[in-house]
Enquirer: 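Below is one structure. I have some questions about it.
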Amino acid sequence: MKFFVDTADVKDIRELNDLGLLDGVTTNPSLILKSGRDIMEVTKEICGIVEGPVSAEVTAMDYAEIMREADVLSKIADNICIKLPLTLDGLKACKALTSDGRQTNVTLCFSANQALLAAKAGATFISPFIGRLDDMGFDGVELIAEIRHIYDNYGFDTEILAASIRTPDHVKRVALIGADVATIPPATLKALVKHPLTDKGLEQFLADWAKTGQKIG
Ligand code: G3P
C-alpha cells in the first residue's frame, strides 16, 4: 500500500519524505487555508519535494471552468494530479483529462456507485472519505471493501485512495482490505511506529546494555 501524506505543510512533508516513507501528497482547499500559503506557490514547493503524485484540487463547478483550472494547476509541475469533484461535470472533466494523459483524483466519494462512476470516467485515483462516514455513524472502512470488490470484479485500474483517515486502526483496516493508497495526516502517519511494548523493550535493552559497560565499534 502506498502512503500519501494529507497536508500542505511543507515542513511535515520534508520530514516524512526524508524518512523515505512518502509516495505522494494530497491537498484540498481546507488544507491550503490551514497552510496560510498561496496555492500555486505552496503546491510548486511540494512538487519539488516529493517525486510521486501531488493532488491539487480545482474549485470550479462547471466543466469549462474545471478544465481551465486544471490546465493552470497542471502547469505547476509534471507530478501534479488534478483533484476533481464527484459531480457530473467533474466526471466529464475526469474523462477528458485522463484521455489527455493527466493524473486525476476524484474526491469526496461516499458511495460504491460514485466510485464505479469515477472508474468508468478513467480516474487515476478515487478518494473515499472514511472518517467522515464514521462521523455519520457508518463504518467508513466498509465502503473501501465494497469498492475493492467492485473494482476487482471488472478489473478497473483506478486506484483506491483511502482518505479522511483519522487513526492508525483505519490504516491497518484499509491495508487488510487492499486499498492501493492511504492518505494520512502527518501525526497519524508518525503514530504508526508507536507501540508501548516497543518503548518498554527498548528501555530495558538500553538499561542492560549500559550495565555491560561495552561500546560497539
Ligand atoms: O483526504 C481528505 C481529508 O483531508 C479529509 O479529512 O479529516 O477532514 O475528513 P477529514
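Just so you know, ligand 1 is whichever comes first in the structure, and atom 1 is the first atom listed for that ligand.
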Enquirer: Using salt bridge (charged side-chain N to carboxylate O under 4.0 Å, His left out) as the criterion, list what pairs up with Glu142, not counting sequence neighbours.
Expert: none
Enquirer: Not counting sequence neighbours, list each pair that qualifies as a salt bridge (charged side-chain N to carboxylate O under 4.0 Å, His left out) and has a residue in residues 82-94.
Expert: Glu57-Lys83
Enquirer: Could you give the N/O to N/O pairs under 3.5 Å linking ligand 1 and the protein, each with its distance?
Expert:
unit_1, atom_1, unit_2, atom_2, d
ligand 1, 1 (O), Asp6, OD1, 3.4
ligand 1, 1 (O), Asp6, OD2, 2.9
ligand 1, 4 (O), Asp6, OD2, 2.6
ligand 1, 4 (O), Asn28, ND2, 3.0
ligand 1, 7 (O), Arg166, NE, 2.8
ligand 1, 8 (O), Arg132, NH2, 2.9
ligand 1, 9 (O), Arg132, NE, 2.6
ligand 1, 9 (O), Ser164, OG, 2.6
ligand 1, 9 (O), Arg166, NH2, 3.0

Enquirer: Are any of the side-chain nitrogens in Lys172 or Asp169 under 4.0 Å away from the carboxylate oxygens of its partner?
Expert: yes
Enquirer: Salt bridge or not for Arg37 and Asp9, using N-O below 4.0 Å?
Expert: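 The answer is no: the pair does not qualify as a salt bridge.
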Enquirer: Are Thr7 and Asp12 close enough that a side-chain donor and a side-chain acceptor fall under 3.5 Å?
Expert: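 Per modelled atom types, Thr7 and Asp12 side chains form no pair under 3.5 Å.
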Enquirer: Under 3.5 Å, side-chain donor or acceptor atoms of residues 111-119 against the rest of the protein: list the pairs with distances, not counting sequence neighbours.
Expert:
unit_1, atom_1, unit_2, atom_2, d
Ser111, OG, Gln114, N, 3.1
Gln114, OE1, Phe110, N, 2.7
Gln114, OE1, Ser111, N, 3.2

